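Note that the structure is predicted; figures quoted are calculated from it, not measured. All heavy atoms count here, side chains included; hydrogens, waters and symmetry mates do not.
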Amino acid sequence: MTTLLAIDSACAACSVALLREGEIIAHQFEEMNRGQAARLVPMVEEVMLAGGLKIADLTAIAVTIGPGAFTGIRIGLATARGLRLASDLPVIGITTTETVAAAHRGDGKPLMVALETKRADIYLDVIGSDGHSDQGPVAVPLEDLDDHLPVGPFVLCGDGSPRLRDPLSKMGAEFEYREDAGQPQAVWLARLAAEKLVEKGAEAFQQRPAPLYIRPPDVALPKNPVPQR
């Protein structure tokens, strides 16, 4: 019996879901640009309480690894690793683009997942109708968008997709735009992680997942650091 806790804080939201035997039995989702550090652990506690389970009842933990906000990725991974240390459970790391794509699968079309970077470029991942990404997520300037188009009609999704609608239309791309489920959500993360757990087995997830940082954090060292005494 698979009982899985999924957590996400990588982008502009915070969410937790509890899955048991293929069904979501408790979940929470809150959009937020900041504050995940204060909200994620209480949210885990609330969802576990709502599901009537304890950490000892879990089979595995799932967490998004990026791309996304540097701090948000760290918060999610640190929380997952803390739970792993307390339980020795396998931790399944999944990209934010895969997680968003999981909410839009089912019609046989490739998916172009676009996540907001709040810069001139966009996080982009093209995921085939089989659910697999050949390249993985990359940061793409909008002027290079035509180099990443799927072959044939595709579905455009993700919170960065509004910025791509006009450029794609001008290129003559044939796509279906989906406005809903733009953020990675733990309910989809849980379902996707359960599939991977069945496919690969718990042994494949004994190593802690690494973060997926497509670019360095926006942190600059001070020009005149205070000398150490």
Side-chain angles (χ1 to χ4, degrees), residues 1-33 35-36 39-55 57-69 72-73 75-77 79-80 83-84 87 89-107 111 113-116 123 125 127 131-133 137 155-161 178-200 202 205 209 212:
M1 180 176 70
T2 299
T3 305
L4 193 146
L5 176 71
I7 58 178
D8 166 70
S9 60
C11 295
C14 191
S15 63
V16 177
L18 193 57
L19 177 145
R20 183 172 59 192
E21 294 186 336
E23 299 293 331
I24 300 296
I25 61 171
H27 67 93
Q28 289 191 25
F29 173 84
E30 297 178 16
E31 292 190 359
M32 58 180 72
N33 288 315
Q36 287 93 335
R39 188 70 188 101
L40 185 56
V41 172
M43 193 178 283
V44 168
E45 295 172 347
E46 291 161 11
V47 167
M48 293 295 292
L49 181 63
L53 298 177
K54 299 178 181 178
I55 297 299
D57 299 319
L58 297 176
T59 305
I61 299 163
V63 62
T64 46
I65 61 171
I73 294 169
I75 291 166
L77 283 169
T79 302
L83 292 169
R84 180 182 183 275
S87 61
L89 291 170
V91 177
I92 304 166
I94 295 177
T95 65
T96 50
T97 50
E98 284 180 284
T99 303
V100 171
H104 298 280
R105 293 189 301 182
D107 61 2
L111 294 154
V113 182
L115 295 182
E116 187 58 69
Y123 291 137
D125 196 359
I127 296 175
H132 296 287
S133 169
V155 172
L156 175 66
C157 56
D159 72 338
S161 58
R178 293 187 184 170
E179 187 175 4
D180 62 316
Q183 291 285 336
Q185 298 185 27
V187 291
W188 296 105
L189 173 64
R191 294 184 175 113
L192 192 55
E195 291 176 10
K196 290 182 181 291
L197 191 63
V198 170
E199 177 187 351
K200 298 182 179 181
F205 303 103
L212 177 59

Run the numbers on I25 and L53 for side-chain contact (heavy atoms from CB on, under 4.5 Å), then give the verdict.
-> CA-CA 10 Å; I25 61 171; L53 298 177; 3.9 Å; yes

Take V63 and T79, measure what side-chain contact (heavy atoms from CB on, under 4.5 Å) needs, and give me the verdict at the end.
-> CA-CA 9 Å; V63 62; T79 302; over 6 Å; no

Carefully, step by step, assess D159 and L115 under the rule side-chain contact (heavy atoms from CB on, under 4.5 Å).
-> CA-CA 5 Å; D159 72 338; L115 295 182; 3.6 Å; yes

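In this structure, D8 and Q185 have side chains that are not in contact, with every pair of non-hydrogen atoms separated by 4.5 Å or more. No side-chain heavy atom of P184 sits under 4.5 Å from any side-chain heavy atom of L189.
In this structure, CG in L192 is found 4.0 Å from CD1 in I94, a value given to the nearest 0.5 Å. Separation of atoms CG (L83) and CD1 (I61) is listed at 4.5 Å; rounding is to 0.5 Å. In this structure, I65 CD1 and L212 CG are separated by 5.0 Å, a value rounded to the nearest 0.5 Å. Note that CG of L4 and CD1 of I24 are 8.5 Å apart. Values are rounded to the nearest 0.5 Å. The CG atom of L156 lies 10.5 Å from the CZ atom of R178; values are rounded to the nearest 0.5 Å. The distance from the NE2 atom of H132 to the CD atom of E98 is 9.0 Å, given to the nearest 0.5 Å.
Annotation for L197 and A202: closest pair CD1-CA, 3.9 Å, computed over non-hydrogen atoms. When all heavy atoms are compared, the tightest approach of K196 to F205 is O-CE1, 3.8 Å. A10 and T64 get closest at one heavy-atom pair: CB-OG1, 3.7 Å. Residues I73 and P67 come closest through the heavy atom pair CD1-C, 4.1 Å. What you find for C11 and Q183 is that their closest heavy atoms are CB-OE1, 3.2 Å. The minimum heavy-atom distance linking I127 with S133 is given by the pair CG1-CB, 3.9 Å.
Within 6.0 Å of NE2 in H104 there are more than 12 heavy atoms belonging to other residues, nucleotides or ligands. Atom CD of E199 has more than 12 neighbouring heavy atoms from other residues, nucleotides or ligands inside a 6.0 Å radius.
Side chain of R84 to backbone of V91: no donor-acceptor contact under 3.5 angstrom is found. Remark: the backbone N or O of T3 is paired with a side-chain donor or acceptor of T59 at under 3.5 angstrom. With hydrogens and angles disregarded, no donor-acceptor distance shorter than 3.5 Å links the side chain of S9 to the backbone of C14. Between the side chain of S15 and the backbone N or O of A186 there is at least one donor-acceptor pair closer than 3.5 Å.
A salt bridge links E46 with R39: the distance from a Lys NZ or Arg NE/NH1/NH2 to an Asp or Glu carboxylate oxygen falls below 4.0 Å.
Screening L18, V16, L49 against V44 for a side chain to side chain contact (heavy atoms under 4.5 Å, CB included) leaves a single residue, V16.
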